[in-house]
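Worksheet: the structure to be examined is printed underneath.
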Amino acid sequence: MATIKAAILGFGTVGQGIYHILNEKREELKNKLGIELEVTKILVTDASRERVPGTAHLMTTSMEEVLAEPGMQVVFEAIVNEEPAFSYLKRAVEHKCHVVTANKVMFAKRGIELQALAKKNGVFVGYEATTAGGVPVIKTMKNILLVNDVSRIQGILNGTSNYILTKMRAEGWSFEDALTEAQKLGYAEADPYNDVSGQDAFKKLMILSALAFGEQPDWADVEVIGIDNISAEQVKEANEKGLRYRHVAEVEKLEDGKVVAKVGPLLVDKEHPLYPVDDVNNAVALDTNYIGTLTLVGPGAGMYPTASVMVEDYAEIIGKRAGFVVTI
Ligand code: NAP
Ligand code: HSE
């Protein structure tokens with residue numbers, strides 16, 4: 001049986017999740033894919049700290065070392081920020097490695113370029129985990145777009161914000177306590193300002209826009225408001241009136257072809273489809289011409305939901321490479 005060597009870039013919440021799933025599912029993946037996947041390198045900033053027992057020998061701080069590994073074929077990327085992530089993945093695809101990323105900051109800006117480069121090099125880019133955590137919105141939309149046009153996308157795209165708003169309303173927690181808990185649970189970004197300012201949801205919305213419409217609106221034209229100015233009193237008052245705060249991202253292609261987007265808090269009543277979407281869950285509603293509106297709901301952040309869709313991306317890539325459809 002063929003063995004494929006893989007690297008994990010970043011060994012925090014998501015990177016460790018990938019490692020655990022690949023180990024826990026080793027036999028099953030071998031049987032389903034006919035291929036054995038072995039993680040042989042893990043890239044971090046501080047290689048002296050063993051995060052998971054038994055991984056010390058895999059740690060490196062050098063991308064050169066990762067790519068010098070004979071037989072390296074797949075790179076999972078779960079680090080933060082545009083750089084050095086983009087440069088690392090660019091080098092990986094030039095080295096004929098498939099790449100799977102969770103990094104929406106990098107992918108919102110450089111995704112189109114990275115995919116073009118990958119195509120040129122005959123490798124694939126998986127990016128399901130960049131948007132809506134464990135909700136399979138990318139693969140669903142790719143499938144839908146084979147037949148349908150998507151005219152509008154609306155949803156809750158940040159798990160941390162939804163978790164905070166839920167805990168403030170349902171448990172009476174302060175904003176700070178809810179954010180601290182979201183950090184402990186591995187939902188929040190390394191810099192949680194990105195979550196609560198709306199920037200994280202904005203980046204995900206731009207990824208969806210590029211996929212649905214082949215373009216993004218001018219970033220400077222998009223109003224982005226976070227949840228950081230919503231007070232406990234406002235949440236309480238809304239609740240007493242039967243209303244809930246949701247943080248909603250929306251992008252639409254107008255009839256004249258212009259793509260417009262906005263991101264911000266919205267008060268919804270119990271008739272609104274986003275009303276029951278609580279905790280870390282995300283929801284994405286796609287308006288299409290033949291299906292109508294399709295809504296996907298599920299965990300928008302966290303170690304296992306995110307790592308799981310990255311391993312699924314890998315399985316899909318292996319299926320494509322071998323020219324068969326993987327059935328699970
Ligand atoms: P995290 O827990 O903060 O882990 C980040 C990891 O990346 C750390 O191991 C860190 O190394 C490493 N790292 C950061 N900069 C690096 C660099 N320049 N070179 C090498 N390694 C570097 O973050 P996370 O929550 O796993 O998120 C990782 C990525 O996935 C982010 O892009 C995030 O937006 C995305 N994501 C996260 C979730 C989630 O639920 N957490 C869901 C979807 C997508 P050290 O350990 O040495 O500091
Ligand atoms: N910090 C992000 C969130 C992680 O809370 O939605 C998932 O992309």
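In each ligand, atom 1 is the first atom listed, and ligand 1 is the first ligand listed. Heads up: numbering here begins at 1 and tracks the sequence. If you're wondering where the values come from, they're calculated on a predicted model, not measured in any experiment.
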Is there a protein heavy atom less than 4.0 Å away from atom 17 (C) of ligand 1? yes
Taking only Lys NZ, Arg NE, NH1 and NH2, and the carboxylate oxygens of Asp or Glu, determine whether E38 and K5 approach each other closer than 4.0 Å. no
If the threshold is 4.0 Å, N to carboxylate O, is there a salt bridge linking D278 and R246? yes
Is R91 paired with E94 through a side-chain N to carboxylate O contact shorter than 4.0 Å? no
Does an N or O anywhere in G12 fall below 3.5 Å from an N or O of ligand 1? yes
Taking side-chain hydrogen bond (donor to acceptor under 3.5 Å, both in side chains) as the definition, give me every residue that meets it alongside E181, ordered by chain and number, with sequence neighbours left out. none
Polar contacts were defined as any N/O atom of the residue lying under 3.5 Å from an N/O atom of the ligand; does this apply to K104 and ligand 1? yes
Before signing off on this row, confirm whether G302 and ligand 1 have an N or O atom pair separated by under 3.5 Å. yes
I'd like to know if E83 contacts ligand 1, where contact means a heavy-atom distance under 4.0 Å to any ligand atom. no
Non-hydrogen atom of R49 closer than 4.0 Å to ligand 1: yes
Report, in ascending order of atom number, the atoms of ligand 1 lying under 4.0 Å from any heavy atom of A102. 30 (O), 35 (C), 36 (N), 44 (C)
Hey, is ligand 1 close enough to N81 that some N/O pair sits below 3.5 Å? no
Please indicate whether any nitrogen or oxygen in I79 is less than 3.5 Å from any nitrogen or oxygen in ligand 1. yes
Short N/O distance, under 3.5 Å, between G10 and ligand 1? no
Would you say the side-chain atoms of T166 and D279 include a donor-acceptor pair closer than 3.5 Å? no
Decide whether an N or O pair under 3.5 Å exists between V80 and ligand 1. no
Only heavy atoms of N103, strictly under 4.0 Å: list the atoms of ligand 1 that pass. 32 (O)
Between R51 and F11, is NZ or CZ placed under 6.0 angstrom from the six-membered ring centre and within 45° of the ring axis? no
Measure and list all N/O to N/O distances between ligand 2 and the protein that fall under 3.5 angstrom.
residue, atom, partner, partner atom, Å
ligand 2, 1 (N), Y187, O, 2.7
ligand 2, 1 (N), E189, OE2, 2.7
ligand 2, 1 (N), D195, OD1, 2.7
ligand 2, 5 (O), G159, N, 3.4
ligand 2, 5 (O), T160, N, 2.9
ligand 2, 5 (O), T160, OG1, 2.6
ligand 2, 5 (O), Y187, O, 3.1
ligand 2, 5 (O), D195, OD1, 3.4
ligand 2, 6 (O), N158, ND2, 3.4
ligand 2, 6 (O), G159, N, 2.7
ligand 2, 6 (O), K204, NZ, 3.0
ligand 2, 8 (O), K104, NZ, 2.7
ligand 2, 8 (O), K204, NZ, 2.8

Is A129 touching ligand 1 with its side chain, its backbone, both, or neither, if touching means heavy atoms under 4.0 Å apart? backbone
Using a plain distance cutoff, I'd like to know if Y88 has any nitrogen or oxygen under 3.5 Å from a nitrogen or oxygen of ligand 1. no
